[in-house]
K.L.:
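First the structure, which I've put down as structure tokens, then a few questions once you've had a look.
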Amino acid sequence: MPVSGNDSPLVPVANPLMSLAGATLFAMTRYVECPCAENAALVARHLECAAEQNVGDAHLADLCSALAFRWRGRIMQQLTEQLIAQQFDRAH
């Protein structure tokens with residue numbers, strides 16, 4: 001819904017949840033383009049924020065929390081793979 005001040009033109013009011021959803025989708029796209037722990041952490045953090053913001057919708061908050069947990073697992077997997085690769089490179 002647009003908001004108007006005394007002398008200002010109508011300015012649309014951003015929906016914070018939609019902005020967060022857009023940012024989360026962008027972070028997921030970045031991860032697909034470059035699957036690294038840093039990008040996975042970005043996705044997980046956005047999902048955690050979404051869980052915190054959706055306190056009025058317990059099902060959506062739970063879903064976002066569960067997805068954030070899975071993305072945190074992806075971070076651990078990425079870091080483990082990087083560590084193994086580094087150790088392999090040193091051994092050879």
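What you are looking at is a predicted structure, and each value in this text was computed from that prediction instead of being measured. Residues take their numbers from the sequence shown, with the count starting at 1.
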K.L.:
Keeping the roles fixed (side chain from Asn54, backbone from Asp57), state whether a donor-acceptor pair exists under 3.5 Å.
P.N.:
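No; judged by distance alone, with no hydrogens or angles, the pair does not exist.
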K.L.:
What's the spacing between Leu47 CG and Arg70 CZ if we round to 0.5 Å?
P.N.:
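Going from the CG atom of Leu47 to the CZ atom of Arg70 covers 11.5 Å.
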K.L.:
Just to verify, what does Glu52 make a side chain to side chain contact (heavy atoms under 4.5 Å, CB included) with, not counting sequence neighbours?
P.N.:
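With neighbours one apart ignored, the set is Arg45.
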K.L.:
Do Leu67 and Leu60 share a hydrophobic cluster (ILVMFWY, side-chain heavy atoms under 4.5 Å, transitive)?
P.N.:
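Same cluster.
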K.L.:
Which residues satisfy the side-chain hydrogen bond (donor to acceptor under 3.5 Å, both in side chains) test with Arg72, sequence neighbours excluded?
P.N.:
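So Arg72 forms a side-chain hydrogen bond (donor to acceptor under 3.5 Å, both in side chains) with Glu48.
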K.L.:
Do Tyr31 and Glu38 get their side chains close enough for a donor-acceptor pair, meaning under 3.5 Å?
P.N.:
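The criterion, which ignores hydrogens and geometry beyond distance, is not satisfied for Glu38 and Tyr31.
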K.L.:
In terms of side-chain heavy atoms, does Glu81 have a donor or acceptor partner in Gln77 at a distance below 3.5 Å?
P.N.:
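Indeed, the side chains of Glu81 and Gln77 share at least one donor-acceptor pair under 3.5 Å.
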K.L.:
Could you state the interatomic distance from CZ (Arg30) to SG (Cys36), rounded to the nearest 0.5 Å?
P.N.:
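Taking CZ in Arg30 and SG in Cys36, the distance rounds to 8.0 Å.
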K.L.:
Please list, chain by chain and in numerical order, all residues satisfying side chain to side chain contact (heavy atoms under 4.5 Å, CB included) with Leu83, sequence neighbours excluded.
P.N.:
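Leu83 satisfies side chain to side chain contact (heavy atoms under 4.5 Å, CB included) with Gln86, Gln87 once adjacent residues are dropped.
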K.L.:
Any heavy-atom pair between the side chains of Gln78 and Pro35 that's under 4.5 Å?
P.N.:
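They are in side-chain contact.
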K.L.:
Looking at Ala44 and Ala68, what are the two nearest heavy atoms and their distance?
P.N.:
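Nearest heavy atoms, Ala44 then Ala68: O-CB, 3.7 Å.
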K.L.:
Are Leu42 and Ile75 joined in one hydrophobic group, where the rule is that I, L, V, M, F, W and Y side chains link up if heavy atoms are under 4.5 Å apart?
P.N.:
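Not linked; separate clusters.
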K.L.:
Can you find a heavy atom in the side chain of Met28 that is under 4.5 Å from one in the side chain of Trp71?
P.N.:
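Sidechains of Trp71 and Met28: in contact.
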K.L.:
I'd like to know if Leu25 and Val43 are part of one continuous hydrophobic network [Ile/Leu/Val/Met/Phe/Trp/Tyr, side-chain heavy atoms within less than 4.5 Å].
P.N.:
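In one cluster with Val43: Leu25, yes.
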K.L.:
Give me the atom names and distance for the closest heavy-atom approach of Ala37 to Gln82.
P.N.:
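Smallest heavy-atom distance, with atoms named: N-NE2, 4.4 Å.
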